[in-house]
Protein chains: 2
Amino acid sequence: MSPATTNLPGNWQDICATKKRSQLASIPAGWILTTPPPDTRNNVITVPAESGLLTERELEITETTDVDVLLEKLRGAEWSSVEVTRAFYKRAVVAQQVTNCLTEIFVERALKRANELDDILRTTGKPVGPLHGLPISLKDQFTMKGLDTVMGYVAWVGKPAASDCVLVEILYECGAVPFVRTNVPQTLMWGETYNHVFGRTTNPYNRKLTPGGSSGGEGALLAMKGSPLGVGTDIGGSLRIPSAFCGLYTLRPSYERLPYCGAVNALEGQESISSVLGPMANSMSGVKTFTKAIIDAKPWTRDPLVLRKEWSEGGYALEDHGGGTGLCFGMMWDNGVVRPHPPLLRAMEMTKKALEAAGQKVIDWEPHRHLEIYRNAETIFVADGGYDYRAQCDLSGEPLIHTMRPVTDEYERILDEPYVKELVGEPVHRSAYELWQLHKEKRALRKSHLDHWERTVERTGTGRPIDAIISPAVAYTAVPHGLNADSFYTTLCNALDLACTVFPVTFVDPKVDVPRPPHEFHNHEDEAIYKLYSTDLFAGCPVGLQLIGKSQEEEAVIAMTEIVDNALKDARAGSHS
Amino acid sequence: MSPATTNLPGNWQDICATKKRSQLASIPAGWILTTPPPDTRNNVITVPAESGLLTERELEITETTDVDVLLEKLRGAEWSSVEVTRAFYKRAVVAQQVTNCLTEIFVERALKRANELDDILRTTGKPVGPLHGLPISLKDQFTMKGLDTVMGYVAWVGKPAASDCVLVEILYECGAVPFVRTNVPQTLMWGETYNHVFGRTTNPYNRKLTPGGSSGGEGALLAMKGSPLGVGTDIGGSLRIPSAFCGLYTLRPSYERLPYCGAVNALEGQESISSVLGPMANSMSGVKTFTKAIIDAKPWTRDPLVLRKEWSEGGYALEDHGGGTGLCFGMMWDNGVVRPHPPLLRAMEMTKKALEAAGQKVIDWEPHRHLEIYRNAETIFVADGGYDYRAQCDLSGEPLIHTMRPVTDEYERILDEPYVKELVGEPVHRSAYELWQLHKEKRALRKSHLDHWERTVERTGTGRPIDAIISPAVAYTAVPHGLNADSFYTTLCNALDLACTVFPVTFVDPKVDVPRPPHEFHNHEDEAIYKLYSTDLFAGCPVGLQLIGKSQEEEAVIAMTEIVDNALKDARAGSHS
């Protein structure tokens, strides 16, 4: 059933070619697009509906973006798991053909699983669990028994997993149907999605642009509605960058709230700033339902690192935040490193107005030691001097990828040298003692930032510090391949372990998102990013923002994002106009 | 008010001598023992009562070992904070004169604080917080503004803290009276208590024996009832070893459950296996009340590393453990590395019988990869090749201490080379990448141990895995100075981050704790420890055991320890005989 379960011979290019052929062969013949859009067509969002491959009912199913509605229909046997899974699988395969978002494709296995769930519901009258029948896509890190987990490394081709990772075990017990795996960049440490095995994933809103990364396969797939719910990971923005670039919702939970055990990873054993997994979806209901289902499964009984912390209804009811009325948000208009592009500034203005119209308060957030926090985190990420990456590449002989830019590239370089290189310098293989000194610095920065946040109690008028920060996730919308250099807004949350979400706000509108006059640039990257902006290039791109709460406040952060999302929907519906 | 708030001149020996003189000068003249016991007197437990320095009422106060009773009398103004603080301070100073357990002594400052609390209670009718008026002793790591925190390093003398650590801030807000600080070993990484500045702390049950360490000052002080409640720390057994050797209760909470921020530490920045702080007391009520009070203060609003996890009444009610009836404990009779001495085996037998008489169940625990887990942890602790210790010593020129043995020593060496040296080898300064590989090994071991624990569900008959493990904290009771080489039973919990307690069971009884015939020795250290046992040497020593729960299960572990403690009390009272 697995497309590649044997060790493949040959040099690394041959291994990649064989794997790609095997991937193509795993697509049912009837699901191949008869008239694929020409390469010159940038926006492919409507291809599934136009393809003729999906029935009306399959289109209805896959365009049901509210995960709770899907689950209700599955539980009520109104839609069977087999038909829901087949519908999303077809659409995922269409998405694959226009954005190259998938890795492992295993249609029969998923449909067999869906059929079992339908049988159980039919015979017992009871759903298997809170995710009964729901197809779920997984980033190419979450091992499933018998399938490869390539994670962007040629050397990992042909090494099927001996067992499921803990997340997959739990998903099965919750009644889900893991149905497809999604593409990543080599090393996972890029905010784009390209590797030698599966190639490049493109953004379905504009294929000249990146979907972001490292969970970029999920980003493209979900934007195409080729999955109702995906699972990605995030160590510096890898859930949030693709969610922002693809118009999705996500949650970056705190370290060890959700079970990573058994999933493969880059920099394994690096525990200073942990990668976390989280949901990506077209609705907040998907984010909430996934998170609650996994926590309710008591993952700490299987993953020794997971926090023993039940889902808190009190947290979700915003008990520590005045019950959710009279909230005060801090708006981060500019982090002092890179000023956001005009569409992001407009999205923040829209959000501020929508919240105020809904009776909430918005004050300015004053960034605090943003650059120091970023430098500390980036220095930790390369504390092995890049050894881990090189070692994985050396296993197959594939070269380490040094740029995400395509060979033929119509865009000028915007940056001779990303600012991070100036901040961190050449990667040095540090000693354990030196790493401990970086930890000391990190702890002091976390304390300083926490105190800074707590002191906002003097400015909110609510008797509490600000309830959350709202900021860009990235300073810009999706950019041409190879140009995404910014993780300044996202890495803050990884370094400080702040629970946060991304939510879509609007789309780039050339009529209103006109270039602004130059500001006093913070640094050369800020200047380069300022110059990159053009309404032509970004027209129609989704614009998302980030909501930042405190550590281990997942429930509250989800609830506050729902409040922001509803305020924006009300504002769009004109109820407060 | 601080005994040493200026930088002291001279060589390191002079600095130590000056600091000791300053410490002696900080004792009120009337509190000096007029006829101190001769050095040949081993057991000094009854010295406070015999000293004539404490009034009847002061003896009554200090012999109130139930912290909740003390707090009730303080809240009800039956006893003032000033009289309670003075009583314990006197007794602490007596303890100091016979066991050398203290570092900073600041009588006026503590009494002034107590007086303020009495005033508030008198004028408002309300206690300041849940620890109103209670004197609390602190290990010499918890910084208090204006006081030195020497932590066993000469170089740290004369450097008063600029601010209180987070724990002390919270203790003040809870109404407590931090009143004395207690001795530690140089580097903190010994299970005994000796440094060049303050010298050696002895065990009040037998001054030829060690009180354990590194929280050994607390151990001796609390055994003398010179404090109702102390706070120590634990990275490999430093709360549990002195608690076991001194007949006390303690809790080693999970990483980052209680706020360490602002306290000084050894190996600062080492985050692979975190040191934690916990209470030590003569009663479980002290352990519970302290833990709940600190968590209820929401320490995560001040310490960015502390888990956002409220005190759980459901956890304390043992909701995940069948409500506390029909529990099943796993008894670790032998960890496969060092077999416990006869008094420990008897204590386990007593506990098993007491639990069974109380309707609980006890099965055998099968140790799982104990030695691998120990080796991984010990290797991590010296991943800097010992650089951190040497750097601190080099600042003053004091030598690094290589043995806890007194210069004049009447005991034979029991070990030419502790087994840990054979396991870990000479400390090597490792790279960050090598440290990451140790983390990978650690994670795999934690997963393996968790799965092993979960599989006991097949043997318990309760439908649950075992609820807790009961084991020795150390394979022996207090040993002669310099001979404590064993942290095999304790380090397990640090490496796996298991919440655990220590509780006293009995005392060594030469009549029943007779030597047992030799067993097949696990290793040369097991043999040496076997040979060390003699009823003469250990007669009258407290015997404590360890109760081990799972990560972040502090509430349940406290409740289960109360159940065990009550079962033992009932058994002693003959109610089940």
Side-chain angles (χ1 to χ4, degrees), chain A residues 166 254 260-262 267-272 298 300-310 312 314-315 320 380 382-385 387-388 391 428-451 453-454 465 496-499 550-553, chain B residues 166 254 260-262 267-272 298 300-310 312 314-315 320 380 382-385 387-388 391 428-451 453-454 465 496-499 550-553:
Chain A
V166 168
S254 310
Y260 217 114
C261 185
L267 310 182
E268 271 196 86
Q270 185 281 110
E271 298 187 344
S272 311
K298 299 186 185 290
W300 49 86
T301 62
R302 301 160 191 256
D303 181 340
L305 273 67
V306 169
L307 301 180
R308 182 180 301 270
K309 187 167 157 69
E310 311 265 350
S312 166
D320 287 340
I380 285 170
V382 292
D384 69 342
Y387 180 82
D388 180 87
V428 175
H429 198 157
R430 289 168 199 277
S431 70
Y433 182 77
E434 287 173 310
L435 188 61
W436 294 355
Q437 305 321 298
L438 288 167
H439 292 167
K440 278 173 69 171
E441 183 187 54
K442 170 164 64 78
R443 288 176 173 221
L445 287 166
R446 288 184 69 175
K447 171 65 172 163
S448 181
H449 199 274
L450 176 60
D451 289 348
W453 184 315
E454 291 289 317
L496 303 176
D497 196 26
L498 303 176
K550 287 189 174 169
S551 297
Q552 291 141 16
E553 228 189 4
Chain B
V166 167
S254 310
Y260 217 112
C261 185
L267 310 182
E268 271 197 86
Q270 186 281 110
E271 298 187 344
S272 312
K298 298 186 186 291
W300 48 86
T301 62
R302 300 157 192 259
D303 182 339
L305 273 67
V306 169
L307 300 180
R308 180 182 302 271
K309 188 167 155 70
E310 312 264 349
S312 166
D320 288 340
I380 286 171
V382 292
D384 70 341
Y387 179 82
D388 180 86
V428 175
H429 197 158
R430 288 170 200 275
S431 70
Y433 182 78
E434 288 172 310
L435 187 60
W436 294 355
Q437 306 320 299
L438 288 166
H439 292 167
K440 278 172 70 171
E441 183 187 54
K442 171 166 64 77
R443 287 175 173 222
L445 288 166
R446 287 184 70 175
K447 171 65 173 163
S448 181
H449 199 274
L450 176 60
D451 289 348
W453 185 314
E454 290 289 318
L496 303 176
D497 196 27
L498 303 175
K550 287 191 173 167
S551 297
Q552 293 141 13
E553 230 189 1

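Values in this document were obtained by computation on a predicted structure and should not be read as measured data. The figures that follow rest on heavy atoms only: side chains count, while hydrogens, waters and symmetry mates do not. Sequence lines set the chain letters: A, B, ... in the order given, protein chains first and strands last, and positions in each chain run from 1.
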When A:H449, A:K550, A:E434 are compared by non-hydrogen pairs under 4.5 Å with chain B, the top option: A:K550

If I take atom CH2 from residue B:W436 and atom CG from residue A:D384, how far apart are they, to the nearest 0.5 angstrom? 4.0 Å

Kindly give the heavy-atom pair with the smallest separation between B:S551 and A:P304, and that separation in Å. OG-O, 4.4 Å

Structural part of B:W300 lying under 4.5 Å from a heavy atom of chain A: backbone

Can you tell which of A:E310, A:R308, A:Q552, A:R446 has the highest number of heavy-atom pairs within less than 4.5 Å of chain B? A:R308

Most heavy-atom pairs under 4.5 angstrom with chain B, which of A:E441, A:K298, A:R302, A:Q437? A:R302

Supply the atom-to-atom distance B:R443 CZ to A:L305 CG, rounded to the nearest 0.5 angstrom. 5.0 Å

Side-chain heavy atoms of B:E271 within contact of A:K442, under 4.5 Å: yes

Side chain from CB out, backbone as N, CA, C, O: work out which of these in A:E268 comes under 4.5 Å of a heavy atom of chain B, or both, or neither. both

When only pairs under 4.5 Å are counted, which of A:L435, A:D451, A:V166, A:L307 shares the most heavy-atom pairs with chain B? A:L307

One should read off an interatomic distance between A:S431 OG and B:R430 CZ, to the nearest 0.5 angstrom, of 12.5 Å

What's the shortest heavy-atom distance between A:A383 and B:A432, and which atoms? O-CB, 3.5 Å

Would you mind checking which part of B:D303 comes under 4.5 Å of any heavy atom in chain A, side chain (CB onward), backbone (N, CA, C, O), both or neither? backbone

